[in-house]
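Basis for what follows: all heavy atoms, side chains included, without hydrogens, waters or symmetry-related copies. Residue numbers start at 1 and run along the sequence shown. As the structure is a computational prediction, the values presented were derived from the model and not from experiment.
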Amino acid sequence: MNTTEKLNQCPVCSSSQLTGFLNVKDYTVSGEQFSIDRCNACGFQFTNPRPDINSIGYYYQSSEYISHHDDEENLITKVYNLVRNYTTRQKIKLLQQYTVKSNPSILDIGCGAGYFLQQCARKNWQTKGTEPDDDARKIAVKRTGSPVFESIGSEELKDEKFDFITLWHVLEHVHELNTTIEWLHYHLNPGGTLFIAVPNNASYDAAKFGTQWAAYDVPRHLYHFTRETMHTLLNNHRFEIKKILPMWFDAFYVSMLSNQYKHNSKNIPDSIITGLISNWKGRKSSANEFNTSSLIYVVKKAL
């Protein structure tokens, strides 16, 4: 039986002044409607109520959840895999800018089937990962030859510290948000760097598609971040955002899915045009002001 939990306070600022923001359908698994609340104090938005941690697994039981699978069965999956190969190389280049070590230690949280971690291992980095999905975790272990644990709560990680910790589209999924951020602070080496990628529902494509914006992805996405609320959350935990970077391809991929939800058609021409407009409107106008469909936050411990 699936059970839900309701948050009475904002996870970011603890205010109890919450307002209903949107009702969004789960297009991937259940077809159920879920509410997104908005905090009146800090503006943070989150799915509320939501499946509890023992029930959420049901909502991941879909072959459409691409990051957990190896196959290439349809157009969206093929596009996803093509783009992933390129963006993985770009992520490696990004991380290399933040270390002088030849073999830094890295923990990839929510590593899925292990593509990114595999590329890190090929560079002889000290690699470990976490992945709650049993099947994906087995694939990741086989692919990377690295230890991959069920969660950051695994005993094997208790005393580990890392030069890099990465969460590529993961933070929006974790139930214990503040506990997780505290864990990251403790397990990041002095001088280490944290990389967090999440969707940005202040983007143009989010506004265009509204309740059919695919990156709301309720109820798997428990939180819906903007630059401002991410700043507030990380500052609360003694972290400092050093740089915000765009994920250019996400606008196109998310637009394809959103068109599928809204019109029952991928509408490739419209998806391309929407992605271009979203990236243009979200382009950098001044330091740390990218506002694209998804954003990468480069984070250090505050001094």
Side-chain angles (χ1 to χ4, degrees), residues 5 7 11-12 46-47 50-57 59-60 65 67-68 91 95 98-99 104-121 125-199 217 219-223 225 230 233-241 296-302:
E5 59 187 14
L7 304 184
V12 169
F46 53 100
T47 304
R50 65 196 191 180
D52 66 19
I53 197 165
N54 296 314
S55 301
I56 195 67
Y59 295 95
Y60 286 89
Y65 211 69
S67 67
H68 289 171
K91 288 172 182 175
L95 267 63
Y98 288 89
T99 185
S105 57
I106 179 170
L107 176 68
D108 187 27
I109 298 176
C111 67
Y115 287 96
F116 170 72
L117 210 56
Q118 179 186 41
Q119 298 306 313
C120 295
W125 293 6
Q126 304 169 60
T127 53
K128 292 183 179 177
T130 72
E131 174 51 53
D133 183 87
D134 289 340
D135 292 336
R137 188 167 63 251
K138 290 173 185 175
I139 295 169
V141 169
K142 184 177 180 180
R143 173 171 281 124
T144 65
S146 307
V148 180
F149 307 105
E150 184 175 0
S151 74
I152 60 173
S154 298
E155 184 67 24
E156 293 90 341
L157 294 173
K158 182 179 178 181
D159 298 316
E160 292 271 2
K161 292 185 186 292
F162 300 90
D163 299 313
F164 296 135
I165 302 179
T166 55
L167 299 93
W168 306 117
H169 286 293
V170 169
L171 192 63
E172 63 268 33
H173 295 265
V174 303
H175 275 75
E176 299 296 333
L177 181 60
N178 288 289
T179 301
T180 298
I181 302 293
E182 279 299 303
W183 190 97
L184 296 173
H185 195 279
Y186 176 79
H187 290 271
L188 189 67
N189 271 333
T193 311
L194 173 65
F195 298 85
I196 300 173
V198 290
D217 199 25
R220 290 159 295 278
H221 289 188
L222 307 177
Y223 315 105
F225 296 97
M230 183 64 81
L233 173 66
L234 294 174
N235 287 346
N236 288 346
H237 293 277
R238 310 175 311 285
F239 277 120
E240 182 180 355
I241 296 173
I296 298 173
Y297 297 88
V298 180
V299 184
K300 295 275 193 179
K301 290 183 180 181

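Residues forming a ring-ring contact (aromatic ring centres under 6.0 Å, His included) with His185 (at least two apart in sequence, or on another chain): Phe239. Judged as a ring-ring contact (aromatic ring centres under 6.0 Å, His included), and not counting sequence neighbours, the contacts of Tyr98 are Phe195.
Formation of a donor-acceptor pair under 3.5 Å by the Asp52 side chain with backbone atoms of Ser55 is found in this model. In this structure, Thr193 contributes its side chain and Val299 its backbone to no donor-acceptor pair below 3.5 Å. Judged purely by atom type and a 3.5 angstrom limit, Ser151 uses its side chain to pair as donor or acceptor with the backbone of Gly153. Between the side chain of Asn189 and the backbone N or O of Gly192, no donor-acceptor pair lies under 3.5 Å. In this structure, the side chain of Arg143 does not engage the main chain of Gln118 through any donor-acceptor pair within 3.5 Å.
If you take OG1 on Thr166 and CG on Leu194, they are separated by 8.5 Å, rounding to the nearest 0.5 Å. Considering CG of Leu167 and NE2 of His173, their distance stands at 10.5 Å, rounded to 0.5 Å. A distance of 5.0 Å separates CG of Leu117 from OG1 of Thr127, quoted to the nearest 0.5 Å. Atom NE2 in His175 sits 5.0 Å away from atom CD1 in Ile56 (nearest 0.5 Å). Between the CG atom of Leu234 and the CD atom of Glu240 there is a distance of 10.5 Å, given to the nearest 0.5 Å. Remark: Ile109 CD1 to Ile152 CD1 distance equals 5.5 Å, nearest 0.5 Å.
Applying the 6.0 Å contact sphere to NZ of Lys142 captures no more than 12 heavy atoms from other residues, nucleotides or ligands.
When every heavy atom of Trp125 is checked against every heavy atom of Ile106, the shortest pair comes out as CE3-CG2, 4.2 Å. Of all the heavy atoms in Ile196 and Val198, the pair that sits closest is CG2-CG1, 4.0 Å. The two residues Phe164 and Leu95 make their nearest non-hydrogen contact at CZ-O, 3.1 Å. Minimum heavy-atom separation, Asn178 to Pro11: ND2-O, 2.7 Å. Taking each heavy atom of Ala121 and Ser146 in turn, the nearest pair found is CB-OG, 4.3 Å. The shortest heavy-atom contact between His187 and Lys158 is CE1-O, 3.0 Å.
Looking only at atom types and distance, the side chain of Asp163 has no donor-acceptor partner in the side chain of Thr99 under 3.5 Å away.
Between Arg50 and Glu5 there is a salt bridge, since a side-chain N of the basic residue sits under 4.0 Å from a carboxylate O of the acidic one.
Inter-residue side-chain proximity for Tyr60 and Asp133 is flagged as unmet; no heavy-atom pair is nearer than 4.5 Å. Put simply, the side chain of Asp108 does not reach to within 4.5 Å of the side chain of Lys128, judged on heavy atoms. Contact check for Pro199 versus Asp217: no side-chain heavy atoms found under the 4.5 Å cut-off.
Sorted by first then second residue, the salt bridge (Lys or Arg N to Asp or Glu O under 4.0 Å) pairs that include residues 165-186, not counting sequence neighbours, are Glu182-Arg238.
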| Between Lys300 and Leu188, does a side-chain contact (heavy atoms from CB on, under 4.5 Å) hold up when you go through it step by step? | CA-CA 9 Å; Lys300 295 275 193 179; Leu188 189 67; over 6 Å; no

Starting from the C-alpha separation in whole Å, work towards a yes-or-no answer on side-chain contact (heavy atoms from CB on, under 4.5 Å) for Glu131 and Phe149. CA-CA 6 Å; Glu131 174 51 53; Phe149 307 105; over 6 Å; no

Steps toward side-chain contact (heavy atoms from CB on, under 4.5 Å) verdict (Leu177, Leu233): CA-CA 9 Å; Leu177 181 60; Leu233 173 66; 4.1 Å; yes

Please report the C-alpha distance between Glu150 and Thr130 in whole Å, then the side-chain angles of each, then the deciding distance to 0.1 Å, and finally whether the side-chain contact (heavy atoms from CB on, under 4.5 Å) criterion is met. CA-CA 5 Å; Glu150 184 175 0; Thr130 72; over 6 Å; no

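Tyr223 and Phe225 have tilted rings, their planes meeting at an angle from 30° to 60° on a 0 to 90° scale. Taking the six-membered ring where the residue is Trp, Trp168 and Phe116 present perpendicular rings, their angle passing 60° and hence far from 30°.
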